S.K.: 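Dumping the structure here so I can ask a few things about it.
Source: prediction; values computed, not measured. In the text below, chain A, chain B and the rest are named by the order of the sequence lines, each starting its count at 1.
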2 protein chains.
Amino acid sequence: MADGRGDRIDPIAPVPPYRQIAQIIRRRIGAGEYRPDTRIPTESEIVGEFEVARSTARRAVAVLREEGLVYTVPNRGSYVSRPSG
Amino acid sequence: MADGRGDRIDPIAPVPPYRQIAQIIRRRIGAGEYRPDTRIPTESEIVGEFEVARSTARRAVAVLREEGLVYTVPNRGSYVSRPSG
DNA sequence: GTGTATTTGTTCGTATGTATC
DNA sequence: CGATACATACGAACAAATACA
């Protein structure tokens, strides 16, 4: 379960899918499923797991990046940020 | 003409380029221009002939692969499938 | 064995058009 | 009208396997 399979989004919830996905990944990071400097799921994997468009997957990752929770390396993927300090 | 030069895609047609290209290759296979177990054009060749991005060329090939019309050998190319049976 | 070219695999960056709410 | 979402397309970079001189 370390991969969190079973998490689902509700496409008709008031909170848009991209935020729900960001929340799920945020929780996994907090739970240590994705650790510092290791890659979080690629956009394609997010698309596959949550059955959303790539643009939605990208937005979810963008939310986490803007929060500073992850950093994105072009053409490589997005990685969990190390605790600041 | 066995190489099909002259086939063109319409970038603004309702049918997207990647499907038009798949259709053209599909037709060539049906016409025997590309025969069983022989390679179809590489992604680069498709890019050159139809003047599309590689990602579009890949999608066209993916369509044919999903239809079972061709099989792709990693790092080698895509080949015409043999008639099932 | 080395080096280079070819070819597919992967991944992110960005833009446009359409549709829905 | 704005935000969200999906489909499509082009671009760029790099990896890995294969082929060949």
S.K.: Can A:R54 and A:E45 be counted as an ion pair, charged N to O under 4.0 angstrom?
M.R.: no

S.K.: What is the distance, rounded to the nearest whole Å, between atom CD1 of B:I46 and atom C1' of C:dT7?
M.R.: 12 Å

S.K.: Counting C-beta onward and ignoring hydrogens, is there a side-chain heavy-atom pair between B:F50 and B:I24 closer than 4.5 Å?
M.R.: yes

S.K.: Using a cut-off of strictly less than 4.0 Å, decide whether A:Y18 has a side-chain nitrogen or oxygen near OP1 or OP2 of D:dA5.
M.R.: no

S.K.: Do A:S55 and A:Y18 come within less than 4.5 Å of each other through their side chains, counting heavy atoms only?
M.R.: no

S.K.: Could you check how far CD of B:E51 sits from C1' of D:dG11, rounded to whole Å?
M.R.: 16 Å

S.K.: Quick one: does any side-chain atom of B:S81 pair with a main-chain N or O of B:G68 as donor and acceptor, under 3.5 Å?
M.R.: yes

S.K.: B:R19 near the nucleic acid: base, sugar-phosphate alone, or nothing, with a heavy-atom cut-off under 4.0 Å?
M.R.: sugar-phosphate

S.K.: Quick one, which residues of residues 68-80 of chain A touch DNA chain D with a heavy atom under 4.0 Å?
M.R.: A:N75

S.K.: Describe the nucleic acid contact of A:R39 in one word from base, sugar-phosphate, nothing, applying a heavy-atom distance below 4.0 Å.
M.R.: sugar-phosphate

S.K.: Between the side chains of B:R26 and B:E67, is the shortest nitrogen-to-carboxylate-oxygen separation below 4.0 Å, so that they form an ion pair?
M.R.: yes

S.K.: Do B:Y71 and B:D37 touch side chain to side chain, with heavy atoms closer than 4.5 Å?
M.R.: yes

S.K.: Please compare B:T56 and A:V52 by the position of their nearest nucleotide in DNA chain D and report the one closer to 5'.
M.R.: A:V52

S.K.: Quick one: which of D:dA5, C:dC12, C:dT7 gets closest to the side chain of A:T42?
M.R.: C:dC12

S.K.: Are A:Y34 and A:P41 close enough that some pair of their side-chain heavy atoms sits under 4.5 Å apart?
M.R.: yes

S.K.: Quick check on the helix from C:dT2-D:dA21 to C:dC21-D:dG2: what's the angle between its two end axes, five base pairs per end, to the nearest 10°?
M.R.: 0°

S.K.: Over how many whole Å does the gap from B:F50 atom CZ to D:dC10 atom C1' extend?
M.R.: 17 Å

S.K.: In whole angstrom, what separates A:E45's CD from C:dT11's C1'?
M.R.: 10 Å

S.K.: I want to check something: taking the side chain as every heavy atom from C-beta on, are B:V73 and B:R39 in contact at a cut-off of under 4.5 Å?
M.R.: no

S.K.: Between B:E66 and B:R19, does at least one N-O distance fall below 4.0 Å, as a salt bridge requires?
M.R.: no

S.K.: In B/S/- notation, 5' to 3', how is nucleotides 14-21 of chain C contacted by protein heavy atoms closer than 4.0 Å?
M.R.: B-------

S.K.: Are any of the side-chain heavy atoms of A:I29 and A:L69 separated by less than 4.5 Å?
M.R.: yes

S.K.: Treating Ile, Leu, Val, Met, Phe, Trp and Tyr as nodes and any side-chain heavy-atom pair under 4.5 angstrom as an edge, say whether B:V61 and B:I21 lie in one connected cluster.
M.R.: yes

S.K.: What integer distance in Å separates B:R59:CZ from C:dT10:P?
M.R.: 16 Å

